[in-house]
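A quick write-up on the structure given underneath.
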Amino acid sequence: MLHNTGMKIGMAVVLFFVFAGWVVALGGTAHATNECREESDAWNNAGGQVQGSNPNLAGHLQPFPTPNNDEDQTYNCGIHFSLDWWIIAFQFYMIIVGYLGVFVEFFHTKQTIGDFYAIATVLFTIYTSIYVKLSYEFSAGEHDDNSVAQGYKTAASGGIIVCVCNYVFMYLWGSEEGASGGGASAENKA
């Protein structure tokens, strides 16, 4: 049985906020990827405030696979940000699955959708944690004109929105589990 109408509306609103946070994270990741591909001064001259090295090369989800040179910069950036883009793509898939699960009986499988949302939330939590760290690496928590730091901060902001809203969605998704039966039968109380 599908959720009641009020719960459907609530979950649809939460999924809208997940989508909004996803768009923000998408824009921040695209900006950071573009800074990498263009080899901007902010990218090349990054001095990690915490690590003391260039955080773009070593402090990310995946380090550069080869020495950084002009011929392979697009490839290097693609590999460097590939896990981020897969996480973002998986979250978009989960937004679609979430809407289908809320409104279409065929896709309403509580355990499966809940498990997949748990996986997406863990992945986005890792993504957000890395982007928060990198934003501090570039700006030490200060607002400045470093364009790479702005991209990382934007992506981290979107990631925080996605993570919080994913947790709320998972709570709402599983909250009616025991409420729909009315009460336990005498046989089940033993």
Side-chain angles (χ1 to χ4, degrees), residues 13-96 98-99 117-170:
V13 169
V14 170
L15 285 172
F16 171 77
F17 286 122
V18 171
F19 179 74
W22 178 84
V23 169
V24 173
L26 177 73
T29 304
H31 180 77
T33 304
N34 190 50
E35 290 287 327
C36 175
R37 290 185 64 209
E38 291 180 357
E39 292 190 278
S40 68
D41 290 337
W43 180 268
N44 288 329
N45 299 327
Q49 304 287 334
V50 178
Q51 296 176 354
S53 63
N54 188 334
N56 290 315
L57 303 178
H60 198 66
L61 292 172
Q62 296 186 151
F64 271 92
T66 59
N68 191 4
N69 57 37
D70 289 339
E71 298 163 5
D72 295 330
Q73 186 64 15
T74 300
Y75 171 78
N76 289 340
C77 294
I79 295 300
H80 188 61
F81 287 100
S82 64
L83 183 57
D84 306 20
W85 287 109
W86 280 110
I87 291 171
I88 287 172
F90 184 63
Q91 182 62 49
F92 182 69
Y93 166 77
M94 289 310 303
I95 293 167
I96 293 169
Y99 273 117
Y117 255 92
I119 293 167
T121 304
V122 167
L123 288 173
F124 233 91
T125 301
I126 293 168
Y127 163 92
T128 302
S129 173
I130 296 297
Y131 274 74
V132 167
K133 183 190 89 164
L134 288 172
S135 70
Y136 277 100
E137 287 281 335
F138 277 91
S139 63
E142 301 292 325
H143 178 72
D144 58 12
D145 292 335
N146 186 311
S147 59
V148 178
Q150 291 172 354
Y152 284 137
K153 288 176 185 179
T154 302
S157 300
I160 291 167
I161 295 167
V162 168
C163 288
V164 169
C165 291
N166 272 358
Y167 283 117
V168 171
F169 178 78
M170 286 189 297

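When reading the values below, keep in mind they use all heavy atoms of this one structure, side chains included, and skip hydrogens, waters and symmetry mates.
Tyr99 OH: more than 12 foreign heavy atoms inside a 6.0 Å radius.
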*Please lay out, stage by stage, how Tyr167 and Tyr117 fare under the test side-chain contact (heavy atoms from CB on, under 4.5 Å).*
CA-CA 9 Å; Tyr167 283 117; Tyr117 255 92; over 6 Å; no
*asked:* If you apply the rule side-chain contact (heavy atoms from CB on, under 4.5 Å), what do you find for Phe17 with Val168, and how did you get there?
replied: CA-CA 10 Å; Phe17 286 122; Val168 171; over 6 Å; no
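The two residues Phe19 and Ile95 come nearest to each other via the heavy atoms CA-CD1, 3.8 Å. Taking every heavy atom of both residues into account, Leu15 and Gly98 meet most closely at CD1-C, 3.5 Å.
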Which donor-acceptor pairs under 3.5 Å do side chains of residues 25-32 form with protein atoms, sequence neighbours excluded?
{"residue": "Thr29", "atom": "OG1", "partner": "Ala25", "partner atom": "O", "Å": "2.9"}
{"residue": "Thr29", "atom": "OG1", "partner": "Tyr127", "partner atom": "OH", "Å": "2.4"}
{"residue": "His31", "atom": "NE2", "partner": "Ser147", "partner atom": "O", "Å": "2.8"}

Side-chain donor/acceptor pairs under 3.5 Å, residues 86-94, sequence neighbours excluded:
{"residue": "Gln91", "atom": "OE1", "partner": "Asn166", "partner atom": "ND2", "Å": "3.0"}
{"residue": "Gln91", "atom": "NE2", "partner": "Asn166", "partner atom": "OD1", "Å": "3.3"}

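Ser129 contributes no side-chain N or O that, together with a main-chain N or O of Thr125, makes up a donor-acceptor pair within less than 3.5 Å.
Using cut-offs of 30° and 60° on the angle between ring planes, the pair Tyr131 and Tyr152 is perpendicular.
Of the inter-residue distances, the one linking Ile130 atom CD1 with Ser135 atom OG reads 11.0 Å to the nearest 0.5 angstrom.
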